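When a ligand or atom number is given, it counts from 1 through the structure's own listing order. As the structure is a computational prediction, the values presented were derived from the model and not from experiment.
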Amino acid sequence: MAPLLGPVLGIESSCDETAAAVLDRDGRILAEAVFTQVAEHTRFGGVVPEIAARAHLQRLGGLVSQVMGEAGVTPRDLGGVAATAGPGLIGGLVVGASYGKGLALGAGLPFLGVNHLEAHALTARLPGLFEAPPAYPYLLLLVSGGHCQCVAVEGLGRYRRLGTTLDDAVGEAFDKTAKLLGLPWPGGAHLERLAGTGDARALRLPRPLLGRAGCDFSFSGLKTAVAHAVAKGEARREDIAASFQASVAAVLADRARHAHAMLPGATALVLAGGVAANQTLRSALADATPLPLLAPPLRLCTDNAVMVAWAGLERLRAGQTDPMGLAPRPRWPLGELSPPP
Ligand code: KG4
Ligand code: ZN
C-alpha cells in the first residue's frame with residue numbers, strides 16, 4: 001500500500017450536480033459541498049448539456065475554495081486530486097477534469113481521473129458508513145436518472161456488469177411517468193408521495209422481464225402502459241402512481257434475485273443513485289434476497305464529490321495515478337477500467 005501524503009480533493013461534474021469534497025488520508029470527510037442545478041433545468045423538463053457545462057464552470061471554483069477552507073487545507077497540503085473523467089456529459093467532464101488537472105499540476109500533486117460508476121461502486125466502503133464495509137465481492141444496484149445497472153464489485157478496479165437497461169433508466173421511467181401524471185420534473189419523489197395515497201391493486205401494469213434469466217431491465221413498456229391508462233382515464237392518478245411503483249418494485253426485486261444467483265458469493269446488496277430514496281423499492285429489495293441491503297445516506301447515493309475523492313484515495317493507496325493527458329470519456333463502461341498493477 002502506497003503511503004498517502006495528505007488529504008484528497010474530489011471533484012464531480014458529470015451531470016447536473018457540481019460538487020467538491022475533501023477527505024483526510026484515512027477517508028474521513030473533512031468538508032463536502034454540492035450545488036444542484038435542478039433550478040437551471042426545470043423549465044426545460046430535463047438536463048440541458050450546455051447549460052449544465054456553463055453552470056459547472058461558474059460554480060466549481062467557488063465550491064473548491066469553500067471545501068478547502070472548511071477543511072483547513074491549501075493545495076500544497078493535499079496528497080492528490082481526483083476528478084470524475086467519465087462517463088457523463090462531455091462539457092461538464094471537461095470543466096471538472098481540467099480544473100482538477102490544473103490544480104494538481106500547479107501544486108505538484110498526483111491526479112486521478114475517476115470513473116463515475118466506480119465512485120458509486122466504492123462509496124459503501126467509506127470508513128464509518130456502515131458497521132463494517134462490505135467485503136468483496138458484493139452486488140451494486142445503481143438506479144438513477146441516467147444509470148440503471150447491476151454490477152458485481154469483485155475488488156478495486158474489478159467490476160463486472162451483470163445487467164443493464166435495454167431502454168430507459170429507472171429514474172427516467174419515474175420522471176416520464178410523473179410527467180404523464182402532471183407532476184413537476186424531476187418527478188421521482190413527487191410520484192412516490194402521490195403513490196402513498198393510492199391503491200396499487202386498482203390497476204394491473206406490466207412487469208417487464210420479470211422471471212427472465214439474467215439481470216437486464218426494461219421500462220419503456222411500463223411507461224407506455226401508463227400513457228394508455230392515463231389517456232383512457234382507466235384509474236385515478238394516485239392509483240396509477242401506486243401501480244407503477246409496485247411494478248417497478250416487483251421488477252427490481254426479481255432482478256436482484258437473479259443478480260444474487262449470478263454472484264452467489266456476494267456479501268451484500270449495495271444501493272446507489274437517486275432512486276434509492278424510494279422507500280417502497282427499498283423494502284422490496286431488502287426482502288428480495290437474504291443479503292444485507294446497504295443503502296448509504298441519500299446525499300452519498302446521489303451524485304457527490306465524496307465518492308470521487310474516496311475512489312481516488314483507494315486508487316492512490318493502490319499506487320495508481322493518471323497521466324495529465326487523460327481525456328474525459330462521455331462513454332466509459334466499468335469493464336474498460338484497467339485493474340490495479
Ligand atoms: O442519482 P440522481 O440524483 O442523478 C441523476 O441521475 O442525475 O438521480 C435522480 C433520479 C431522478 O430520476 C429522480 O426522479 C429519481 O432519481 N428519484 C426518485 C426518488 N427521488 C429521486 N425516484 C423514485 N422515488 C424517489 N423517492
Ligand atoms: Zn451518478
Side-chain angles (χ1 to χ4, degrees), residues 10-19 34-38 40-42 44-49 51-52 55-56 84-89 92-93 96 114-124 140-149 151 164-165 168-181 183-196 198 217 219 222-223 226 241-242 244-249 251-252 270-285 295-308 310-311 330 332 334:
I11 292 172
E12 160 61 32
S13 59
S14 66
C15 188
D16 60 341
E17 262 86 33
T18 317
V34 178
F35 170 70
T36 299
Q37 302 175 5
V38 167
E40 267 83 345
H41 303 288
T42 298
F44 302 101
V47 177
V48 182
I51 293 177
H56 288 304
T84 303
L89 300 171
L93 293 173
V114 168
N115 180 298
H116 180 89
L117 306 172
E118 176 174 44
H120 276 302
L122 297 176
T123 305
L140 171 78
L141 183 62
L142 174 55
V143 280
S144 72
H147 301 288
C148 182
Q149 49 183 281
V151 177
T164 187
T165 183
D168 293 344
V170 60
E172 202 179 350
F174 264 92
D175 292 342
K176 288 176 175 172
T177 300
K179 190 175 173 191
L180 289 168
L181 295 172
L183 298 168
W185 178 87
H190 297 284
L191 194 149
E192 180 177 20
R193 224 169 293 128
L194 183 63
F217 305 82
F219 295 104
L222 179 54
K223 179 194 64 198
V226 169
F244 167 82
Q245 193 170 260
S247 279
V248 175
V251 166
L252 290 188
V270 172
L271 278 182
V275 179
N278 190 291
Q279 291 303 328
T280 303
L281 301 187
R282 271 198 203 205
S283 50
L285 286 166
L298 194 61
R299 70 176 214 290
L300 300 178
C301 274
T302 54
D303 290 350
N304 67 86
V306 169
M307 67 177 190
V308 179
W310 172 248
W332 187 6
L334 274 176

The Zn ion (ligand 2) to D303: nearest N/O/S atom name: OD1
Could you tell me the residue and atom name of the protein heavy atom closest to atom 1 (O) of ligand 1, and the distance to it rounded to 0.1 Å? G274 N, 2.8 Å
Just do the side-chain contact (heavy atoms from CB on, under 4.5 Å) check on F44 and I51 with the steps written out, would you? CA-CA 11 Å; F44 302 101; I51 293 177; 3.4 Å; yes
What residue and heavy atom of the protein are closest to atom 6 (O) of ligand 1, and at what distance? G145 N, 2.6 Å
How far is atom 26 (N) of ligand 1 from its nearest protein heavy atom, and which residue and atom is that? E192 OE1, 2.8 Å
Check whether any N, O or S atom of H116 sits under 2.8 Å from the Zn ion (ligand 2). yes
Near G146, which atoms of ligand 1 are under 4.0 Å from a heavy atom of that residue? 6 (O)
Distance-only, no hydrogens or angles: does the T177 side chain make a donor-acceptor pair with backbone N or O of F174 under 3.5 Å? no
Ligand-residue contact atoms, ligand 1 with T302, heavy atoms, under 4.0 Å: 1 (O), 3 (O)
Answer whether the closest heavy-atom distance between the side chains of Q37 and T18 falls below 4.5 Å. yes
Ligand-residue contact atoms, ligand 1 with G273, heavy atoms, under 4.0 Å: 1 (O)
Between R282 (side chain only) and A277 (backbone N and O only), is there a donor and an acceptor less than 3.5 Å apart? no
Closest heavy-atom contact between F217 and L252? CE2-CD2, 3.6 Å
Any idea how H116 and H120 line up, ring-wise: parallel (<30°), tilted (30 to 60°), or perpendicular (>60°)? perpendicular
The atoms of ligand 1 lying under 4.0 Å from a heavy atom of G171, numbered in the order shown, are 12 (O)
Go through E17 and T302 one step at a time and tell me if the side-chain contact (heavy atoms from CB on, under 4.5 Å) criterion holds. CA-CA 9 Å; E17 262 86 33; T302 54; 5.6 Å; no
Any donor-acceptor pair under 3.5 Å from N115 side chain to L334 backbone: no
Between L93 and T84, the two heavy atoms sitting closest are CD2-O, 3.8 Å
Nearest-contact summary for atom 22 (N) of ligand 1 - protein heavy atom, Å: G188 CA, 3.5 Å
Closest non-hydrogen protein atom to atom 15 (C) of ligand 1, residue and atom name please, with distance? V275 CG2, 3.9 Å
Looking only at protein heavy atoms, which one is nearest to atom 24 (N) of ligand 1, and what is the separation? N278 ND2, 3.0 Å
Under 4.0 Å between heavy atoms, the region of D175 that gets near ligand 1 turns out to be side chain
Per residue H120, nearest N, O or S atom to the Zn ion (ligand 2) is named NE2
